[in-house]
Amino acid sequence: MKMSNESLEGDFILVGFSDKPQLEKILFVVVLISYLLTLLGNTVIILVSTLDPMLHMPMYYFLTNLSFVDLCLTTSIGPQLLWNLHGPAKTITPIGCAIQLYMSLALGSTECVLLTVMAYDRYAAVCRPLHYATVMHPRLCQSLAGVAWLSGVGNTLIQGTITLRLPFCGNRRIYHFICEVPAMIKLACVDTHANEVQLFMASLVLLLLPLSLILVSYGNIAQAVMRIRSAQAWRKALGTCGSHLLVVSLFYGTITAVYIHPNSSYSHSQGKFITLLYTVVTPTLNPLIYTLRNKDVKGAMKRLVRKDHRVRK
């Protein structure tokens, strides 16, 4: 994880949205509210899923992991982004940039695999309901969550280290609001074709492969539900899978645009707004999607509130 000596010379400048001062003021308010809602919403999901015995099921075990990933991902980006949006200083130290790159890449990669694991859990729940408890036993759940975390750590150690060892030849202006692999590669003063190929291959493994597995899982779920000619079964399947599908659409729909085509026709502004969606907005919406559409979570929250009220009396 050693950075090149040249990379340690002076702070990087995160250009971000500095060319649009009025937009910065609006974004500061939006990002601040989103960050606070992310902290509140994901913390509530973690506490409710941990404290309520009725939610000690595989689905909520994975949801707790997802909420923790979103908490960490937003925290690795949000405070620095707010600082840059609020004041004239747009700098970040080389060490701070490296930490942000490693953390955001690890957590983003982990979320890709974790959403795939959650899709398999939904497949088991809908297509093999009688054997669900046997299929999704606690040890398997822990192993699947572990694979997701190890995939994220492994990817960031490889991609992050390769990127930070590139020579930048005094280029310190990052035309983005975070230290992200595609933006850092563009700073290099050498041929980066090999790096772009490595990034593309990693994206195939950690983006398109998981997305393909998710689509296969939901294809099987759709076939299973269509065999059951019952409106109640359709509603149950939609309630079981709808929240996860919405989260997958939001996350994959934005992150693939950044990592599959890092040098595409997207302008700097478009790329920054797309990144803003999956790093700030999506982690804010995830708790709302899972609580507003999930009767179990809402019921658990009411039980905990009533229990706390009785204890205070």
Side-chain angles (χ1 to χ4, degrees), residues 42 45-46 48-50 52-70 108-152 204-256 282 285-300:
N42 285 290
I45 285 182
I46 292 172
V48 169
S49 300
T50 304
D52 194 299
M54 295 186 68
L55 296 186
H56 290 176
M57 297 184 290
M59 175 180 174
Y60 299 105
Y61 172 73
F62 296 130
L63 180 57
T64 300
N65 276 267
L66 180 65
S67 294
F68 184 69
V69 168
D70 284 340
S109 303
T110 298
E111 184 156 348
C112 289
V113 181
L114 192 57
L115 288 173
T116 309
V117 171
M118 294 175 75
Y120 175 72
D121 172 68
R122 294 301 82 210
Y123 160 78
V126 175
C127 298
R128 304 185 65 185
L130 299 179
H131 304 284
Y132 178 69
T134 305
V135 173
M136 300 302 295
H137 54 84
R139 184 172 296 179
L140 177 63
C141 293
Q142 292 169 5
S143 298
L144 291 173
V147 168
W149 284 99
L150 288 174
S151 299
L204 288 179
V205 174
L206 288 168
L207 282 175
L208 295 188
L209 179 59
L211 182 58
S212 299
L213 294 175
I214 290 172
L215 294 176
V216 169
S217 295
Y218 277 103
N220 289 325
I221 289 172
Q223 288 181 346
V225 173
M226 289 177 68
R227 294 193 196 103
I228 306 173
R229 297 180 180 179
S230 168
Q232 185 178 0
W234 277 93
R235 284 194 297 270
K236 185 177 180 180
L238 183 60
T240 301
C241 305
S243 299
H244 181 253
L245 267 176
L246 189 53
V247 169
V248 166
S249 301
L250 287 170
F251 182 76
Y252 275 97
T254 51
I255 197 171
T256 51
T282 300
L285 295 177
N286 286 355
L288 297 176
I289 292 169
Y290 277 107
T291 53
L292 293 178
R293 294 179 56 87
N294 194 303
K295 294 181 180 179
D296 293 337
V297 175
K298 288 189 287 187

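His131 places no side-chain N or O within 3.5 Å of a backbone atom of Thr134 that could act as its donor or acceptor partner. Proximity of a side-chain donor or acceptor of Tyr252 to a complementary backbone N or O of Cys112 within less than 3.5 Å is detected. With hydrogens and angles ignored, the 3.5 Å screen pairs no side-chain donor or acceptor of Ser49 with any backbone N or O of Ile46.
Taking the side chain as every heavy atom from C-beta outward, Val113 and Leu206 approach each other to under 4.5 Å. Side chains of Val135 and Tyr120 form a contact here, defined as non-hydrogen atoms less than 4.5 Å apart. Contact of the Val248 side chain with the Tyr218 side chain is not registered, since no non-hydrogen atoms from C-beta on lie closer than 4.5 Å. Inter-residue side-chain proximity for Val48 and Tyr60 is flagged as unmet; no heavy-atom pair is nearer than 4.5 Å. When side chains are defined from C-beta on, Ile214 does not count as touching Met118, because their heavy atoms never get closer than 4.5 Å.
Applying the side chain to side chain contact (heavy atoms under 4.5 Å, CB included) test to Pro58 and every residue at least two apart in sequence or in another chain returns Phe62, Asp121, Tyr132, Met136, Cys141. Residues forming a side-chain hydrogen bond (donor to acceptor under 3.5 Å, both in side chains) with Thr110 (at least two apart in sequence, or on another chain): none.
Contact detail for Cys127 and Asn220: the closest heavy-atom pair is SG-O, 3.7 Å. Across all their heavy atoms, Glu111 and Val69 have their closest contact at OE1-CG1, 3.7 Å. Between Leu208 and Leu204, the closest heavy-atom pair is CD1-CD2, 3.2 Å.
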Working note: Phe251 + Asn286, criterion side chain to side chain contact (heavy atoms under 4.5 Å, CB included); need CA distance, chi angles, decisive distance, verdict.
CA-CA 10 Å; Phe251 182 76; Asn286 286 355; over 6 Å; no

CA sep, side-chain torsions, deciding dist, call: Leu250, Ile289, side chain to side chain contact (heavy atoms under 4.5 Å, CB included)
CA-CA 11 Å; Leu250 287 170; Ile289 292 169; 3.7 Å; yes

For a side chain to side chain contact (heavy atoms under 4.5 Å, CB included) check, start with the C-alpha distance between Asn65 and Tyr61, then their side-chain angles and the critical distance, and finish with the verdict.
CA-CA 7 Å; Asn65 276 267; Tyr61 172 73; 3.8 Å; yes

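Annotation: the span from Leu209 atom CG to Thr116 atom OG1 amounts to 7.5 Å, rounded to 0.5 Å. Going from atom CD1 of Ile45 over to atom CG of Asp70 covers 9.0 Å, rounded to the nearest 0.5 Å.
By the 30° and 60° cut-offs, the orientation of the rings of Trp149 relative to Phe68 is tilted.
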